[in-house]
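Notes for the one structure printed next.
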There are 2 protein chains.
Amino acid sequence: MENVRELFQIMTRRFGFLNKNCCSAGGCDISLIQSHILYEIDRQHKPSIQQVAEALGTDITTFSRQVQSLIKMKLVKKTPDPDDRRVNLLSLTTEGKYVAASIDQQMNDYLNEIFSHMNDFEKDTVIRSIKLLNEAMAKSGQCCSTPSRG
Amino acid sequence: MENVRELFQIMTRRFGFLNKNCCSAGGCDISLIQSHILYEIDRQHKPSIQQVAEALGTDITTFSRQVQSLIKMKLVKKTPDPDDRRVNLLSLTTEGKYVAASIDQQMNDYLNEIFSHMNDFEKDTVIRSIKLLNEAMAKSGQCCSTPSRG
DNA sequence: TCAAATTACTTGCAATATGCAAGTAATATA
DNA sequence: TATATTACTTGCATATTGCAAGTAATTTGA
């Protein structure tokens, strides 16, 4: 069998470039990390700081400060959880949603460009494969989750 | 069609965790970035500093310093190119090769674990898909290469 | 019922990483 | 052979990181 890791490594590196390129979409210029944060806040429903930090595998003190700068940029807002006032729920501002949507648009444009080099069958196979892969990674929890800290 | 970007985002994030987890394989504890550098130096044949920096999309002054610390750790060595003495060729030391091999081993173990949740047909399909994807990304050069700087 | 433990998050600080500007040395160009 | 270009390195100012140690709110347990 060929070198599977090689295939994965190259693919994820390229996808990383894609993500990086998309950070300057829609007139906004944010960092790759900030783009990931916006994405994850958008994806979850009113997540807490801890939840997002966990999802992204970031140290919580670092993440606390990343959130602060996104708030300063008026892309994210923090709302105290009425049920537990220790918790702050994160959500995107209107501007934050706009930026996230611009990035998403750019990403999907790029992905369509990539898929334009395949026929419909290949495209379908690839998408199903990624789904399979995600399911398999979810099943083998110990290796594909956030790196152990402490 | 479902959200393709979502699938990719989750997959690459999980693969990133995998990579991070593998950095402490074989008794060595290096950063994710250092792991990527070792991988890329190993992959290319005696690459120059510029070539690796380009491949990884890193600023060359930053990369110059990253190489310096890997040399201090005795994982990488720099050899002047006899044909062009401006150029320094990078290669792994014996210890560097050992560390790179340990990480590779750990990565492949994890990947096998992931594939153990699939049957042979699915596994085959997934691997062929990633290959297809890499080829397609290579074709659409403008979006999947190192982000423009300057 | 209330002191002690836990949880969610924030700040101080010291160490590290970043990238631009400006360097050096070697090679290519005109 | 002077001038540009290339490959790489350093100075410096800024940004990012994570541990230790905080605060405030909630849970636990005697």
Side-chain angles (χ1 to χ4, degrees), chain A residues 16-17 19-21 23-24 29-38 40-41 44 46-73 75-91 146-150, chain B residues 16-17 19-21 23-24 29-38 40-41 44 46-73 75-91 146-150:
Chain A
F17 288 154
N19 254 314
K20 213 169 180 180
N21 284 330
C23 288
S24 35
D29 217 332
I30 64 176
S31 76
L32 181 58
I33 292 169
Q34 290 173 332
S35 153
H36 284 305
I37 296 173
L38 294 188
E40 192 60 24
I41 292 177
Q44 295 191 31
K46 296 232 169 202
S48 71
I49 291 181
Q50 197 134 83
Q51 282 172 317
V52 181
E54 167 77 9
L56 298 176
T58 314
D59 179 271
I60 193 158
T61 71
T62 300
F63 187 70
S64 171
R65 275 180 275 245
Q66 284 166 344
V67 167
Q68 282 171 42
S69 46
L70 284 167
I71 289 174
K72 211 169 284 169
M73 294 165 77
L75 300 178
V76 166
K77 63 172 180 271
K78 224 167 54 174
T79 322
D81 185 343
D83 296 336
D84 185 341
R85 286 188 304 166
R86 289 171 301 182
V87 176
N88 278 301
L89 304 178
L90 299 176
S91 54
T146 156
S148 56
R149 21 185 98 254
Chain B
F17 288 153
N19 254 315
K20 214 170 182 178
N21 283 331
C23 287
S24 35
D29 218 332
I30 64 177
S31 76
L32 181 59
I33 293 169
Q34 290 174 330
S35 154
H36 284 306
I37 296 173
L38 293 188
E40 193 59 25
I41 292 177
Q44 295 190 32
K46 295 233 168 202
S48 70
I49 289 181
Q50 197 133 82
Q51 282 173 316
V52 180
E54 166 77 10
L56 298 177
T58 314
D59 179 89
I60 193 160
T61 72
T62 300
F63 186 70
S64 171
R65 274 180 274 244
Q66 285 167 343
V67 166
Q68 282 171 42
S69 46
L70 285 167
I71 289 174
K72 209 168 287 169
M73 295 166 76
L75 299 178
V76 166
K77 62 171 180 271
K78 224 166 55 175
T79 323
D81 185 343
D83 297 335
D84 185 342
R85 286 188 303 168
R86 289 171 302 183
V87 176
N88 278 301
L89 304 178
L90 298 176
S91 54
T146 156
S148 54
R149 18 184 101 256

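Lettering of chains follows the sequences in order, A, B, ..., and the numbering in each one begins at 1. Below, each value reflects all heavy atoms present in this structure, side chains not excepted, and no hydrogens, waters or symmetry copies.
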task: Decide yes or no for Met73(A) and Ile30(A): does some side-chain heavy atom of the first lie under 4.5 Å from some side-chain heavy atom of the second?
output: yes
- prompt: Whole Å only: how far is the CD1 atom of Ile37(B) from the C1' atom of dA17(C)?
  reply: 12 Å
message: Could you work out, with salt bridge (charged side-chain N to carboxylate O under 4.0 Å, His left out) as the rule, every residue matching Arg86(A), not counting sequence neighbours?
response: Asp84(A)
task: Look at the side-chain N and O atoms of Thr62(B) and state whether any lies under 4.0 Å from the OP1 or OP2 oxygen of dG19(C).
output: yes
task: Take atom CD of Gln34(B) and atom C1' of dT18(C), then tell me their distance rounded to the nearest Å.
output: 15 Å
task: With sequence neighbours excluded, tell me which residues meet side-chain contact (heavy atoms from CB on, under 4.5 Å) with Thr62(B).
output: Thr58(B), Asp59(B), Gln66(B)
message: Side chains of Gln44(A) and Glu40(A) only: does a donor on one sit below 3.5 Å from an acceptor on the other?
response: yes
query: Which value, rounded to the nearest 0.5 Å, describes the distance between Lys46(B) atom NZ and Thr79(B) atom OG1?
result: 4.5 Å
- prompt: To the nearest Å, how far apart are Asp59(A) CG and dA14(C) C1'?
  reply: 15 Å
- line: Interatomic distance, CD1@Ile33(B) vs SG@Cys23(B), rounded to 0.5 Å, equals 10.0 Å
Candidate nucleotides dA26(C), dC19(D), dT18(C), ranked by approach to the side chain of Gln66(B) - the nearest: dT18(C)
- line: In whole angstroms, the gap separating P of dT18(C) from CG of Leu32(B) amounts to 11 Å
task: Return the value, rounded to whole Å, for the distance between atom CG of Asp83(A) and atom C1' of dA25(D).
output: 13 Å
task: Rounded off to whole Å, could you give me the CD1-to-P distance for the Ile30(A) and dT16(D) pair?
output: 13 Å
task: Spell out protein contact along nucleotides 5-10 of chain C as letters: B when the base is contacted, S when just the sugar-phosphate is, - when no protein heavy atom is under 4.0 Å; keep the 5' to 3' order.
output: --BSSB
